[in-house]
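No experiment lies behind these values; they were computed from the predicted model shown. Positions are given from 1 along the sequence.
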Amino acid sequence: MAVSVSKKRSKPSKKVEAARECCLWYSILINFLYRIPSAILLLILIFLWSSSTTIISGNIIHVCVSSRKLNNLYCLSAGTQANVNIPIPVFNSTEVSSINFGVKEIVNDVRDNPNPITDQNRVDKDDKEEAADAVKVVDITHQDDRNPAIRKEVDQAEDEGTAYARKVVEEQLQLHRSWRSVKNQPVCDGRGIYVYDLPPKFNKDLVGQCHDMVPWVDFCKYFDNEALGQPVPKLGGGWYHTHQYSLEPIFHSRVLKHPCRVYSENEAKLFYVPFYGGLDILRWHFKNVSNDVKDTLSSELIKWLETQPMWARNSGKDHVFVLGKISWDFRRNDGSPWGTRFLELDQMQNPIKLLIERQPWHVNDIGIPHPTFFHPHSDDDIISWQLKTISSNRRKLVSFAGAPRPDQPDNMRSILIDQCNSADNGACHFLNCSSGGCDQPESVIELFMESEFCLQPPGDSPTRKSVFDSLVSGCIPVFFSPFTAYYQYPWHLSADHGKYSVFIDQEEVRQRKVNAVERLMKISPREREDMRSFIVYELLPGLLYGDSNSQLEKFQDAFSIAMNSLLERVNRMK
C-alpha cells in the first residue's frame, strides 16, 4: 500500500518565532557592546550606579534614584521604601478618606477599646456613643460617593470621627503633661531606676554590626564618642555629627550614670530595658529577609523578660523602652514588608515607650526629641550657645532644608519649594538635600542660624529631625500638620504652640489658597523676637541631650526631663 508524504513545511510556532526574534536582538546588543571600548562601558555602569540604587525588600524590588539621598540617611525612615503606604494621620475631611490609616481605623480602635486612656476613666458614655456613631463611615464609604446625599453623610461621619480622635489625642497629651516634673534635680528617695543587664545580642552586638547595617554606608562613624558621632570643630565644642537614629545608645549611656540608678531590683520603682529596637529594624530595612526574621530578636526579648520576676509584678507597667525610630516602624501592617510588629505584641501594651515619633492614639507612646548635633557638657555651654543664637544676624526671612519630590508636582513640598524659589528679593532660601546640601551639620545649622522662619512640612512621616535643628538654632518652625510636633512632645514643647511656632494648614497650601512665604512676611519683627526669645530661653535647653558626663545644674536637658517625668509617673502608680 503506497503512502503519500507531503513535502510542505510545517509553519513555525509563535514560541519559535519569538525565540528567534529574542536571539536576534540579543545578538545585536552583544555586537553593540563589543564595539564599545571597555573604559567607556565601565564609565556608563558607574554613572548608572551613582544615580540609582536598587533595594530588595521582601518580594519587591525598589529603585531609589539619587544615591546621595540614601547616603544622607534622612531618607532611612518609615515611608521612604518605595511604593509602601506608611500611614500619616492628618485630621482634615479631604485627606482622611484617602490615607491608609484614616478615621475608619481610628474609630475602630476606639470602638474595640472604648477607654483608650489607660487607667484613667476619661471616656464617658456620651463619648462612647459619639465614637460609635462615627463608625458608620465604615459602612457607607463603599457606596457611590458621587451621590451628594451619601457624600454629605460620609463627610459628616468623618468630621465626627476626626473630632473624637482629636479629643482622645488631646486628653492623652494632657495626661502626659501632668507627669512632667518641674524639679531640676531628680528626687531619688524610694524611686530607684534599675537597668536590666540584657544579653549583648539585644544592644551591644547590634552596634557591632555597624559596618554592614546599611549596605551603602558604614554606620560605625556614627557610634563614635558613645554614639554622639564624630566632632564638628567648625561649630565649636560640644557639636557632633550625630545620626538621627542614635537615640538608643545615647540614652543608655546616660541612664547607666543616673544618680537614681540602683543595682537591686527590690530597690527599684522604674525598670529600664536597654533594647536597641531601632537598630534591630535598621539592619533589615533594605535586605531581602522574611518578616519572621525581622521579628526574631524582639520575640526573643519578650521571652527573656517573661523570665524576670519584676516584669510580672506590674505586668510591665513600671518598665520603659527607648526606641530610636518612629512608632510606625514597630507596628507593621499585615502584608507589608516594612518594620517589625514589636509594639503590636500583647506584652508591649503596658510598658511606656519613648520614641522620636509617637503613635498618636496609643497613650503609652510618648514622643521625645530627635537627637540634635549639639551635646553640651555644662551650663556654661548652654548659656554661651543661647547668647550666640539670640544675637545671630537673621539675613534670610524663610528657609527650607529638604529633598524635593520631583515625581509628585502636587506634593506639598514641591509647592513650598516653588513658593520659596519664586519669592521676591530672595526672601526664601531653599537648601536642596537631594544634591548633598544637607550632608554636613554645619551647612544646616548655619542656614538656620541666618533664618527667621524654617519651613517644616511632613516628610516620610509626620515628624522631622530638622524641627529640633531649627529650634536649637533659634529659627521659628513653621508647621503644616499638628502631628509634626503639637501631638508628639508633651514634656519638651509648650502646650501654647503660638509661643514658639507658626501653623499653616497643609490643605490650604495644597489647594494653593495660601502662599507660605507671603503669610510669614506679615508677621511683625516684634512677634518674631518674642517667639525667638521663648524658644532660646525656655525651650532650647530641654531639647538637647548632654554628653554622657554632662554636669548640668541650672538646666534640665531632654534626657533629664524624660527621666524625671518617668519617675513622677511611676511614683503615682498604685
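- A 4.5 Å side-chain heavy-atom check between Ile302 and Phe342 finds at least one atom pair inside the cut-off.
- In this structure, Arg341 contributes its side chain and Asn291 its backbone to no donor-acceptor pair below 3.5 Å.
- Put simply, the side chain of Pro376 does not reach to within 4.5 Å of the side chain of Trp385, judged on heavy atoms.
- Checking Thr242 against Tyr545 by side-chain atom types alone, no donor-acceptor pair falls below 3.5 Å.
- Side chain of Lys353 to main chain of Ser327: no donor-acceptor pair is present (N/O by atom type, distance under 3.5 Å, no hydrogens or angles).
- With contacts defined as side-chain heavy-atom distances shorter than 4.5 Å, the pair His241/Lys221 does not qualify.
- Of the possible donor and acceptor atoms, one in the side chain of Arg394 sits under 3.5 Å from a partner among the backbone N and O of Phe448.
- Looking only at atom types and distance, the side chain of Glu442 has no donor-acceptor partner in the side chain of Trp239 under 3.5 Å away.
- Under a 3.5 Å cut-off, the side chain of Ser181 and the backbone N or O of Ser565 do not form any donor-acceptor pair.
- Between the CG atom of Asp295 and the CG atom of Leu345 there is a distance of 7.5 Å, given to the nearest 0.5 Å.
- Counting only distance, with no hydrogens or angles, the side chain of Ser384 and the backbone of Asp381 share no donor-acceptor pair below 3.5 Å.
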Q) Given the rule in the side-chain contact (heavy atoms from CB on, under 4.5 Å) test, do Phe559 and Val255 qualify, once you have shown the distances and angles that lead to the verdict? A) CA-CA 9 Å; Phe559 170 81; Val255 176; 3.6 Å; yes
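- The nearest pair of heavy atoms linking Asp329 to Ile281 is O-CD1, 3.1 Å.
- Every ring-ring contact (aromatic ring centres under 6.0 Å, His included) that His176 has, sequence neighbours left out, goes to Trp179.
- Lys465 NZ to Cys438 SG: the interatomic distance, rounded to the nearest 0.5 Å, is 10.5 Å.
- For the residue pair Cys220 and Asp218, the shortest heavy atom distance occurs at N-OD1, 3.0 Å.
- Considering every non-hydrogen atom in both His370 and Thr463, the closest pair reads CE1-OG1, 3.6 Å.
- Using modelled atom types and a 3.5 Å distance limit, the side chains of Ser253 and Ser548 yield no donor-acceptor pair.
- A side-chain donor-acceptor contact under 3.5 Å links Asp547 and His377.
- In this structure the side chain of Leu282 reaches within 4.5 angstrom of the side chain of His285, judged on heavy atoms.
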Q.
Would Arg254 and Ser550 count as a side-chain contact (heavy atoms from CB on, under 4.5 Å) here? Give the steps.
A. CA-CA 9 Å; Arg254 293 288 302 276; Ser550 58; 3.7 Å; yes
Q | side-chain contact (heavy atoms from CB on, under 4.5 Å) between Leu355 and Phe330, worked out | A | CA-CA 10 Å; Leu355 307 108; Phe330 304 94; 4.0 Å; yes
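- In this structure, Phe219 has its ring center at least 6.0 angstrom away from the ring center of Tyr245.
- Checked by atom type, the side-chain pair Ser466/Asp469 shows no donor-acceptor distance below 3.5 Å.
- For Gln488 (side chain) and Arg358 (main-chain N/O), a donor-acceptor pair under 3.5 Å exists by modelled atom type.
- For an aromatic pair to be called close, the ring centres must be under 6.0 Å apart, and His497 with Phe479 fails this.
- Between Leu543 and Leu493, the closest side-chain pair of non-hydrogen atoms falls below 4.5 Å.
- Without hydrogens or angle criteria, Thr296 side chain to Asp292 main chain gives a donor-acceptor distance under 3.5 Å.
- Checked against Lys396 for a side chain to side chain donor-acceptor pair (under 3.5 Å), the options Glu450, Glu452, His429 give a single hit: Glu450.
- The main-chain N or O of Phe468 is never found under 3.5 Å from a side-chain atom of Thr372 such that the two would form a donor-acceptor pair.
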**Q.** Residues Asp557, Ser560; criterion side-chain hydrogen bond (donor to acceptor under 3.5 Å, both in side chains); working and verdict
**A.** CA-CA 5 Å; Asp557 70 350; Ser560 298; 3.0 Å; yes
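- Across all their heavy atoms, Leu552 and Phe555 have their closest contact at CB-O, 3.6 Å.
- Distance SG/Cys260 to CG/Leu566: 11.5 Å, rounded to 0.5 Å.
- Under 4.0 Å is where a charged nitrogen must lie from a carboxylate oxygen, and between Lys325 and Glu248 no such pair does.
- Contact of the Pro351 side chain with the Asn364 side chain is not registered, since no non-hydrogen atoms from C-beta on lie closer than 4.5 Å.
- Atom CD of Glu446 sits about 10.0 Å away from atom OG of Ser392, to the nearest 0.5 Å.
- Using a 4.5 Å cut-off on side-chain heavy atoms (C-beta onward), Leu228 and Ser246 make no contact.
- Here the closest heavy-atom approach between residue Lys257 and residue Asn549 is recorded as NZ-OD1, 2.8 Å.
- Counting only heavy atoms from C-beta outward, the side chains of His258 and Tyr272 never approach each other to under 4.5 Å.
- Judged by distance alone, the side chain of Asp379 and the main-chain N or O of Lys554 form a donor-acceptor pair under 3.5 Å.
- A side-chain N or O of Glu357 and one of Ser461 form a donor-acceptor pair less than 3.5 Å apart.
- Between the side chain of Tyr240 and the backbone N or O of Tyr222, no donor-acceptor pair lies under 3.5 Å.
- Under the 30°/60° scheme for interplanar angles, the aromatic rings of Phe430 and Phe400 are found to lie parallel.
- The six-membered or imidazole ring of Tyr196 lies away from that of Phe202, with a centre-to-centre distance of 6.0 Å or more.
- When all heavy atoms of Tyr500 and Ser494 are compared, the pair lying nearest together is CE2-O, 3.5 Å.
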**Q.** Derivation and outcome, side-chain contact (heavy atoms from CB on, under 4.5 Å), residues Thr389 and Arg532
**A.** CA-CA 9 Å; Thr389 302; Arg532 182 165 297 105; 5.6 Å; no
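- Note: Met348 CE to His319 NE2 = 10.5 Å, rounded to the nearest 0.5 Å.
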